[in-house]
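Remarks on the structure that follows.
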Amino acid sequence: MKRIRVIEIIQTEPKNQNVLVKGWVRSFRSNRFIALNDGSTINNIQLVIDFENFPEDQIRRITVGSCIAAQGELIPSQGSGQKSEVRVVQFEILGDADPGIYPLQPKKHSLEFLREIAHLRFRTNTFGSIFRIRHHVAFAIHRFFHERGFYYLHSPVITASDAEGAGEMFHVTSLDLSRIPFNDQKEVEYKKDFFGRPANLTVSGQLEAELAAMALSQVYTFGPTFRAENSNTTRHLAEFWMIEPEVAFNDIFDNMDLAEDMLKYVIGKVMTECTDDLKFLLDREEEEQKSKPQQERNEMNLLQRLQFCLDHQFERVSYTDAIEILRNSNPNKKGKFQYAVESWGTDLQSEHERYLVEKHYKKPVILFNYPKDIKAFYMRQNDDGKTVAAMDILFPGIGEIVGGSQREERYDRLASRMKEMHIPTEEMYWYLDTRRFGSCPHAGFGLGFERLMLFITGMGNIRDVIPFPRYPGYAEF
RNA sequence: GCCUCUUUAGCUCAGUUGGUUAGAGCGUCGGACUGUUAAUCCGCAGGUCCUUGGUUCGAGCCCAAGAAGGGGCGCCA
């Protein structure tokens with residue numbers, strides 16, 4: 001007999017039909033009622049077991065966390081909590097869970113505790129919801145680009161270029177670190193290493209995506225990204241997933257449209273496809289809000305925030321205008337900012353970004369045309385000679401979720417900018433070649449997948465929206 | 001990397017001005033009950049008060065160093 005998934009069984013009209021279900025026990029009440037979950041949905045199926053008809057030693061093995069297979073009749077429930085239930089005819093314990101040492105109890109656990117047992121936290125309602133949603137978000141991203149005629153490009157995970165300038169990199173080597181070969185100058189002899197040269201884990205697939213966009217027109221990457229930065233925050237990981245579309249013939253404003261459309265498409269899809277899980281996370285957040293002082297509570301709940309994001313155009317503000325708004329803002333005048341907004345040309349602090357998004361505009365903001373000196377070498381230089389066609393999308397509660405730009409397509413401008421910023425042009429010949437042969441205007445951006453997950457789930461810590469987080473000093477599981 | 005807070009039972013947390021034998025809820029275990037919804041009721045067990053050192057007649061509580069965890073900042077997605 002074939003097993004039926006819980007998500008199917010709870011949608012099936014109960015007509016005393018024979019069914020087989022398999023899953024993990026969430027609770028066992030009155031020695032009679034089993035709440036069984038198989039991860040196909042946040043909802044459980046209730047199994048009713050007449051303990052009088054089964055050996056006691058078998059009944060005693062039905063414990064929270066144990067895995068069972070049960071066969072019986074699907075009948076209308078006599079209780080009020082559920083539409084149907086399975087009257088168990090026979091069952092089998094597939095895996096015991098010793099209640100004396102199984103760490104999950106049918107009660108609320110702290111996220112910090114669950115992070116320490118990340119191998120088991122999938123079995124909680126919260127993390128079940130998060131990782132079902134994570135799948136739907138990833139899938140929606142692929143669908144969005146596929147429907148628009150983009151090609152999914154697999155950019156390399158190992159790169160030999162250390163000139164991408166997006167942060168500290170993890171070295172990749174097959175050398176024996178206790179016996180590193182040095183030359184006479186005490187330099188590492190990379191010729192003896194696996195690739196014959198230094199290699200690193202990628203910090204971005206953008207440069208490779210640009211190469212492909214110069215032929216396929218519209219591509220995107222979606223893969224793991226690695227930063228060896230010593231970042232200890234609720235918004236950073238050493239290993240995270242990034243989506244990087246790159247589009248030939250797009251300018252900075254097409255780029256904004258694409259990013260905004262994509263975010264709205266994905267959020268819309270999740271709202272229609274993950275209603276049960278979002279409802280659970282909504283209730284969870286509401287409960288959490290109750291224990292906070294009025295001042296720190298969210299003005300909108302999770303679903304309202306998602307809907308608001310769909311209903312409103314993201315505010316587009318130039319860096320120059322943003323500086324003026326911040327300079328004239330109340331917190332700046334009253335000296336409330338930790339970093340006073342000084343002159344044009346300095347980078348915005350996260351408190352400034354938060355003010356713009358959460359207090360001034362109260363919606364997602366796209367900041368664009370940043371001073372060239374605080375941005376990367378590949379961004380297109382504007383005619384004013386001071387700014388580049390960069391854009392960042394800032395979300396409430398999260399900050400920067402997207403960073404992108406129109407790329408510098410003019411060979412001379414790019415090469416001279418690289419020299420100014422000490423980027424080795426010889427090593428990057430392949431990147432410059434795209435500007436030598438059939439160059440064209442193009443643009444792209446990077447979307448932090450886990451940061452989008454934070455917004456969609458309402459979770460507060462990025463370590464809770466990725467199955468196995470990696471961060472400084474931590475690579476467990 | 002910097003700042004800050006926390007660390008007491010399996011989990012979540014109380015613990016007064018430094019004072020005898022360190023508590024609660026939930027969970028486990030034993031029992032009762034059996035159409036429950038994190039079932040309910042009764043009972044038992046469970047502690048290196050993070051570690052080390054110091055102050056003191058006396059430290060869970062005060063001081064110092066270290067460890068682990070949370071939050072903020074920086075770097076960024």
Side-chain angles (χ1 to χ4, degrees), chain A residues 26-35 43-52 59-60 63-65 75 77-82 85 87 97-117 124-125 164-168 202-206 221-244 259 291 296 337-339 347-354 374-376 392-395 398-404 445-455 460-464 466 471-474:
Chain A
R26 286 297 180 77
S27 70
F28 187 28
R29 291 181 292 270
S30 298
N31 230 9
R32 190 182 296 279
F33 303 100
I34 300 168
N43 300 300
N44 303 324
I45 181 71
Q46 172 155 291
L47 310 183
V48 183
I49 189 156
D50 291 321
F51 59 88
E52 304 90 343
I59 296 289
R60 290 174 69 88
T63 60
V64 173
I75 58 172
S77 179
Q78 293 175 36
S80 56
Q82 55 283 317
E85 62 195 20
R87 182 182 293 282
D98 183 343
I101 52 178
Y102 183 63
L104 291 171
Q105 301 167 14
K107 60 169 271 190
K108 193 167 164 50
H109 288 289
S110 70
L111 294 172
E112 292 80 15
F113 172 67
L114 293 171
R115 215 172 284 148
E116 290 170 11
I117 52 166
T124 64
N125 285 332
E164 297 175 30
E168 291 297 312
T202 182
V203 292
S204 162
Q206 179 202 318
T221 72
F222 188 167
T225 309
F226 308 88
R227 303 273 167 92
E229 301 282 356
N230 192 8
S231 298
N232 297 286
T233 80
T234 53
R235 303 180 307 283
H236 290 85
L237 291 166
E239 176 183 292
F240 63 100
W241 289 67
M242 188 153 66
I243 294 96
E244 294 179 288
S291 62
E296 290 171 27
F337 283 138
Q338 194 185 339
Y339 300 88
D347 214 349
L348 299 179
Q349 303 292 320
S350 58
E351 59 177 342
H352 304 146
E353 295 179 348
R354 274 207 311 276
I374 59 173
K375 287 292 181 180
D392 287 353
I393 302 185
L394 311 176
F395 263 39
I398 290 145
E400 187 178 344
I401 197 166
V402 162
F445 61 83
L447 165 73
F449 183 68
E450 283 79 14
R451 289 192 181 172
L452 177 57
M453 280 294 297
L454 285 179
F455 182 72
N461 192 320
I462 203 164
R463 296 168 186 180
D464 293 330
I466 189 168
Y471 48 91
Y474 193 88

P atom, B:G46 versus B:U7: distance in rounded Å?
25 Å

From CZ of A:F395 across to C1' of B:C76 the rounded distance in Å is 17 Å

Euclidean distance, atom CG of residue A:D347 to atom P of B:G74 [Å, nearest integer]:
10 Å

B:A39 OP1/OP2 closer than 4.0 Å to side-chain N/O of A:R29
yes

Does the ring of A:F449 lie flat against the base of B:A77, closer than 5.5 Å centre to centre with planes under 30°?
no

Using atom C1' in both nucleotides, what's the gap between B:U17 and B:C2 to the nearest angstrom?
36 Å

Does B:G10 have OP1 or OP2 under 4.0 Å away from a side-chain N or O of A:Q105?
no

B:C76 and B:C13: how far apart are their C1' atoms, nearest whole angstrom?
37 Å

B:A39 phosphate, OP1 or OP2, under 4.0 Å from A:S27 side-chain N/O
yes

Please report the distance separating the P of B:U21 from the corresponding atom of B:G60, rounded so that it comes out in whole Å.
10 Å

Considering only atom P, compute the distance from B:C63 to B:U16 and round it to an integer number of Å.
14 Å

Atom P, compared across B:G31 and B:A38: separation rounded to whole Å:
26 Å

A side-chain contact here means heavy atoms from C-beta on lying under 4.5 Å apart; do A:F28 and A:I59 qualify?
yes

Could you work out the separation of B:C57 and B:G66 based on their P atoms and round it to a whole Å?
28 Å

Rounded off to whole Å, could you give me the CD-to-C1' distance for the A:Q206 and B:A77 pair?
12 Å

Could you state the atom-to-atom distance from CD1 of A:I34 to P of B:U34 in whole Å?
19 Å

Could you give the CG-to-C1' distance, from A:D50 to B:C33, as a whole number of Å?
16 Å

Quick check on B:C76: is either OP1 or OP2 less than 4.0 Å from any side-chain nitrogen or oxygen of A:R451?
no

Sticking with atom C1', work out how far B:C49 lies from B:U8, rounded to a whole angstrom.
4 Å

Row check, A:Y471 ring normal vs A:R463 NZ/CZ: under 6.0 Å, within 45°:
yes

Name the nucleic acid region contacted by A:Y339, choosing base, sugar-phosphate or nothing; use a 4.0 angstrom heavy-atom cut-off, strictly under.
sugar-phosphate

